[in-house]
Amino acid sequence: MNILILFFCLAITLHNIEEAIWLPKWAQQASKFQKPVASHEFRFAVIVITLFAYLTAFSFGYFPHSNLAKWIFIGFLGSMIFNAIFPHLIATILMKQYAPGLLTGVLLNIPINSFLIYQLFSKGLIAWNELIISTFVVGIVLLASIPLLFKIGGRFTKASC
């Protein structure tokens with residue numbers, strides 16, 4: 001399982017790098033999917049979320065019997081699968097323009113996270129209700145944290161200039 005956790009970290013890192021490079025410019029367009037955000041604010045948020053993903057993954061890897069570590073980790077897995085579909089895939093289809101993060105979301109996050117979830121199910125480590133509830137809770141926490149991280153990132157980067 002530990003090697004699979006590393007694949008999760010690789011997938012989310014590459015996904016977040018893709019977003020950090022191209023999403024701030026893409027978000028400057030009028031869109032119901034993304035409000036305009038400055039590059040430094042977005043990159044700060046992406047770094048914090050990536051670090052949180054690593055902390056979550058390694059916590060589960062080191063404490064596999066901890067329900068809290070497991071629930072947060074599987075919530076992250078499910079949230080990143082959902083994230084590949086909405087907003088990335090849906091935005092690409094509706095806007096008829098590539099939404100940054102789609103490629104890595106579809107080619108990395110969905111297959112790697114789905115395989116991890118499959119492995120957890122096959123080993124009897126999770127149940128459907130845990131996956132659904134954890135995905136919902138972690139997804140809401142991540143969505144709610146993004147505007148706050150943008151705000152902190154804006155203040156943090158202004159203070160360091």
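We number each residue from 1, following the sequence as shown.
Of the possible donor and acceptor atoms, one in the side chain of S122 sits under 3.5 Å from a partner among the backbone N and O of Q119. In this structure a side-chain-to-backbone donor-acceptor pair under 3.5 Å is missing from S134 to G75. Checking side-chain atoms of E18 against main-chain N and O of T104 turns up a donor-acceptor pair under 3.5 Å. Side-chain N or O atoms of S79 include none that pairs as donor or acceptor with a backbone N or O of F76 at under 3.5 Å. In this structure, the side chain of H15 engages the main chain of G101 through a donor-acceptor pair within 3.5 Å. In this structure, the side chain of Q29 engages the main chain of W26 through a donor-acceptor pair within 3.5 Å. Side chain of T92 to main chain of A99: a donor-acceptor pair is present (N/O by atom type, distance under 3.5 Å, no hydrogens or angles).
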Next item on the list: Apply the test side chain to side chain contact (heavy atoms under 4.5 Å, CB included) to residues I5 and Y62: give CA-CA distance (whole Å), side-chain angles for both, the deciding distance (0.1 Å), then the verdict.
Entry: CA-CA 11 Å; I5 289 172; Y62 286 113; over 6 Å; no
Margin query: What verdict does the side chain to side chain contact (heavy atoms under 4.5 Å, CB included) test give for L4 and F8, after you've listed the backbone C-alpha separation in whole Å, the side-chain angles of each residue and the deciding distance to 0.1 Å?
Written below: CA-CA 6 Å; L4 296 176; F8 163 78; over 6 Å; no
Margin query: Pair I49, L149 - check side chain to side chain contact (heavy atoms under 4.5 Å, CB included), show working.
Written below: CA-CA 9 Å; I49 290 172; L149 290 172; 3.8 Å; yes
Notebook entry, point to check: Given L51 and L55, is the side chain to side chain contact (heavy atoms under 4.5 Å, CB included) satisfied, shown in steps?
Noted result: CA-CA 6 Å; L51 291 174; L55 177 64; over 6 Å; no
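I17 and I146 are members of different hydrophobic clusters when ILVMFWY side chains are connected at heavy-atom separations under 4.5 Å. A single hydrophobic cluster is not seen to contain both I47 and L142; linkage of ILVMFWY side chains at heavy-atom distances under 4.5 Å, directly or through other members, places them apart. Criterion: ILVMFWY side-chain heavy atoms under 4.5 Å apart, direct or through other members. Under it, L68 and V137 are not part of a common hydrophobic cluster. L6 and L10 fall within a single hydrophobic cluster, where Ile, Leu, Val, Met, Phe, Trp and Tyr side chains are chained together by heavy-atom contacts under 4.5 Å. A continuous path of hydrophobic side-chain contacts links I85 to L116 [ILVMFWY only; heavy atoms under 4.5 Å].
Between the CG atom of N109 and the CG atom of N113 there is a distance of 5.0 Å, given to the nearest 0.5 Å. One finds the CD1 atom of I81 at 7.5 Å from the OG1 atom of T135 (value rounded to the nearest 0.5 Å). To the nearest 0.5 Å, atoms CD1 (I72) and CG (N67) are separated by 11.0 Å. The structure places CZ of F136 at 12.0 Å from CD1 of I132, a figure rounded to the nearest 0.5 Å. In this structure, the separation between CD on Q28 and OG on S39 is 7.5 Å, given to the nearest 0.5 Å. From H65, atom NE2 reaches atom CG of L125 across 8.5 Å, with rounding to the nearest 0.5 Å.
For the residue pair H88/E19, the side-chain donor-acceptor check at 3.5 Å is satisfied.
Ring to ring, Y98 and W22 are not that close: their centroids are 6.0 angstrom or more apart. F115 has its ring centre no less than 6.0 Å from the ring centre of F7.
Taking all atoms of both residues into account, the shortest heavy-atom contact from F44 to G153 is CD2-CA, 3.3 Å. Here the closest non-hydrogen pair linking V106 and I110 is O-CB, 4.0 Å.
The shortest side-chain heavy-atom distance between I117 and I74 does not fall under the 4.5 Å cut-off.
Here salt bridge (charged side-chain N to carboxylate O under 4.0 Å, His left out) pairs that include residues 120-138, with residues two or more places apart or in two chains, are K70-E130.
Of the candidates Y54, W71, F73, F73 is the only one forming a ring-ring contact (aromatic ring centres under 6.0 Å, His included) with F60.
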